[in-house]
Amino acid sequence: MKKLLKNAYVLISADADIKKLDILVEKDRIIEIADENVDIDEDIEIYDLSNKLIIPGFINTHTHLAMSIFRGIGDDLTLKDWLFNEMFPREDLLNEEITYYGSLISILEMLSNGITTVVDMYLFMNGTAKAVKNTGIRAYLTRGLGYDNDDGWKKRIDETLYLFENYHNKNNIKIGFGPHAPYTCPMKKLEEVAELTKHYNAFTTIHLYESKNEREMYTLEDIEKTGLFKNNVIAAHCVHVNEKDIEILSRNEVTVAHNPSSNLKLGNGIAPILKMLQHEINITIGTDGAASNNTLNLWEEMRIASLLQKIKGPEKFKTEEALRMIWENGGYALNEKIGRIEENYKADLAVIDLNSFEFYPNDINRLKSHIVYSPINKVYATMVNGEWVYYKDEYPKLKEMDYYNKFHEKYFELERKFNEQKGNK
């Protein structure tokens with residue numbers, strides 16, 4: 001059945017003006033946008049969205065969904081201490097069921113914030129894929145790849161290929177390859193990932209230069225020689241890149257996923273986004289996982305990203321640039337018709353309730369500024385692939401009702417095991 005979204009203000013893209021428009025959706029696509037009444041037949045559901053603003057769905061290009069189970073762990077630590085003393089020992093205790101509930105909670109948080117697409121890298125991704133299926137979010141999933149020995153590497157590659165066989169191009173899911181970082185994946189293994197990515201016509205996501213000490217471990221020239229950059233690559237962080245690195249990223253058309261909150265919380269620094277933009281690098285925004293950020297709210301992430309760049313001069317980073325980073329740039333990175341409200345694009349939308357103090361005055365000439373600099377959660381509804389996945393505090397696709405208790409049951413079970421192991425050492 002078609003859906004007609006009526007009487008709302010609409011911002012079709014970062015650079016557009018806000019107008020009152022009607023949007024007609026059929027199946028997974030936007031089929032008509034009109035400033036006059038759309039012809040109505042009997043097979044249409046009509047939604048009156050008066051005093052609402054419809055925007056493209058937010059695209060979160062870097063996170064680790066199941067990490068909501070670790071939210072609030074390891075505050076005030078360096079990346080090394082946080083990773084090796086707090087995260088890795090807990091990750092050894094994960095299983096598919098824990099990953100399912102951790103991913104589920106993260107997805108519900110994101111849908112309530114208008115996030116319609118997520119790029120994820122983590123462990124036990126079968127559990128994450130099930131959470132995606134049960135909620136309806138659009139997801140680009142990768143099994144995190146690291147090398148310890150040949151058997152371990154083969155196991156992780158096999159798990160990735162299992163995901164391709166069982167989930168790729170189903171339930172709004174696409175599968176890619178997720179080498180964790182060059183310091184956990186030797187260059188020979190990155191060559192293998194490059195070949196696999198090419199063979200499967202897939203994407204790759206990888207952490208690059210998140211922390212300063214990584215500059216002593218590898219170079220982007222070495223990674224370029226592996227052939228990895230010949231594919232569609234989303235590089236998370238890139239905090240400590242220099243001019244030469246930026247040129248390499250630019251000439252290979254690598255997308256950079258900027259994660260300002262995580263980079264600040266772990267003390268890793270501020271990525272040189274303005275320099276990257278000068279080299280026409282495609283910049284997107286990610287939240288990273290809830291373990292290093294606490295929130296999966298892209299509104300907040302966009303605001304921080306904008307304010308950090310304005311330290312170079314308030315005129316250097318425009319409001320529209322921030323909006324492109326959460327919308328169109330993400331669609332471009334993923335080679336998908338998302339990130340804009342346009343005919344024949346996917347019907348991935350967020351509906352904002354304008355009836356909140358932070359959005360006053362409701363002057364259409366100021367609403368873009370409100371979106372970027374008033375990081376509130378006033379999302380009324382979220383649509384993915386033409387279906388409501390969040391609507392007035394409800395999740396229409398989710399049938400499971402006891403997820404709150406199940407999540408905490410798994411959390412306390414994992415923490416008990418972690419503390420027991422810690423006490424035995």
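Numbering starts at 1 and runs along the sequence shown. All values derive from a computational prediction rather than experimental measurement.
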Does NZ or CZ of R215 come closer than 6.0 Å to the centre of the six-membered ring of Y209, within 45° of the ring's axis? yes
Only distances under 3.5 Å count here; give the side-chain donor-acceptor pairs of residues 46-59 to other protein atoms, sequence neighbours excluded, each with its distance to 0.1 Å.
from	atom 1	to	atom 2	distance (Å)
Y47	OH	E45	OE1	3.3
Y47	OH	W388	NE1	3.4
D48	OD1	N7	ND2	3.0
D48	OD1	S50	N	3.2
D48	OD1	S50	OG	2.6
K52	NZ	S50	O	3.4

Donor + acceptor pair across side chains of H258, H62 (<3.5 Å): no
Going by the rule side chain to side chain donor-acceptor pair (under 3.5 Å), which residues pair with D402 if we only count those two or more places apart in sequence or in a different chain? N405
With a 4.5 Å cut-off on side-chain heavy atoms, are L111 and T135 touching? yes
How many angstroms lie between NZ in K410 and CD1 in I105, if you round to the nearest 0.5 Å? 13.5 Å
Interatomic distance, CG@N294 vs CE@M67, rounded to 0.5 Å, equals 12.0 Å
Look at atom CD of E224 and say whether more than 12 heavy atoms of other residues, nucleotides or ligands are closer to it than 6.0 Å. yes
Any luck finding a side-chain donor-acceptor pair between E336 and Y140 under 3.5 Å? yes
Answer whether the closest heavy-atom distance between the side chains of N268 and L79 falls below 4.5 Å. yes
If you measure from CD1 on I33 to CG on D22, what distance do you get to the nearest 0.5 Å? 10.5 Å
With a 4.5 Å limit on heavy-atom distance, are the side chains of N259 and N293 in contact? no
Answer yes or no: is there an ion pair linking R71 with E109, defined by an N-O contact shorter than 4.0 Å? yes
Take atom CD in E216; do more than 12 heavy atoms of anything else shown fall under 6.0 Å from it? no
To the nearest 0.5 Å, tell me how far E342 CD sits from I30 CD1. 8.5 Å
With the side chain counted from C-beta on, respond yes when M110 and V118 share a heavy-atom pair under 4.5 Å apart, and no when they do not. yes
Taking the six-membered ring of F317, is the NZ or CZ of K310 close enough (under 6.0 Å from the centre) and on axis enough (within 45°)? no
Between L161 and Y200, is a side chain to side chain contact (heavy atoms under 4.5 Å, CB included) present by the stated rule, with each step listed? CA-CA 10 Å; L161 300 185; Y200 282 90; 3.4 Å; yes
Does one side chain, of S261 or E301, offer a donor that lies under 3.5 Å from an acceptor on the other? yes
For Y380, look at atom OH and say whether over 12 heavy atoms of other residues, nucleotides or ligands are found less than 6.0 Å away. yes
Could you tell me whether D35 and K20 have a side-chain N and a carboxylate O separated by less than 4.0 Å? no
Quick check: closest heavy atoms across P182 and I223, and the distance to 0.1 Å? CG-CD1, 3.4 Å
Take atom NZ in K318; do more than 12 heavy atoms of anything else shown fall under 6.0 Å from it? no
Starting from the C-alpha separation in whole Å, work towards a yes-or-no answer on side chain to side chain contact (heavy atoms under 4.5 Å, CB included) for I270 and L264. CA-CA 7 Å; I270 302 169; L264 290 171; 4.0 Å; yes
In this structure, is the centre-to-centre distance between the rings of H207 and H240 below 6.0 Å? no
Are R90 and E86 within salt-bridge range, i.e. N to O under 4.0 Å? yes
K312 side chain near K275 side chain, heavy-atom distance below 4.5 Å: no
How are the rings of F164 and F177 set to each other: parallel, tilted or perpendicular (split at 30° and 60°)? tilted
How many angstroms lie between atom CE of M121 and atom CG of D288, to the nearest 0.5 angstrom? 10.0 Å
Run through F357, W299, F359 and flag the one making a ring-ring contact (aromatic ring centres under 6.0 Å, His included) with H370. F359
Hey, could you give me the CG/CH2 distance between L11 and W327, rounded to the nearest 0.5 Å? 4.5 Å
Can you check whether I175 reaches T142 side chain to side chain, under 4.5 Å on heavy atoms? no
How about P361 and R366: do any of their side-chain heavy atoms sit closer than 4.5 Å? yes
Side chains of N60 and T63: is there a donor and an acceptor less than 3.5 Å apart? no
Around atom NZ of K133, are there more than 12 heavy atoms from other residues, nucleotides or ligands closer than 6.0 Å? no
Sub-4.5 Å side-chain heavy-atom contact between R29 and K346: yes
So for atom CD, which belongs to E280, do other residues, nucleotides or ligands contribute more than 12 heavy atoms lying within a distance under 6.0 Å? no
Would you say the side chains of N113 and Y390 form a donor-acceptor pair under 3.5 Å? no
Does this structure show an ion pair linking R324 with D15, if we count only N-O contacts that are shorter than 4.0 Å? yes
Check the pair N126 / Y167 against side-chain hydrogen bond (donor to acceptor under 3.5 Å, both in side chains), numbers first and verdict last. CA-CA 9 Å; N126 199 43; Y167 294 105; 2.6 Å; yes
Above 12 or not: heavy atoms from other molecules or residues under 6.0 Å from OH of Y373? yes
Just say parallel, tilted or perpendicular for the rings of Y404 and H408, cut-offs at 30° and 60°. tilted
Walk me through it: do Y101 and Y403 pass the test ring-ring contact (aromatic ring centres under 6.0 Å, His included)? CA-CA 7 Å; Y101 284 106; Y403 55 83; 8.4 Å; no
Would you kindly say whether T197 and T204 are connected by a side-chain donor-acceptor distance under 3.5 Å? yes
Distance alone, cut at 3.5 Å: any donor-acceptor contact between the side chains of Y183 and E210? no
Between the side chains of N169 and K174, does any donor sit under 3.5 Å from an acceptor? yes
Does a side chain donor of either Y9 or N362 reach within less than 3.5 Å of an acceptor in the other side chain? no
No-hydrogen, no-angle side-chain donor-acceptor test under 3.5 Å, E214 and H237: no
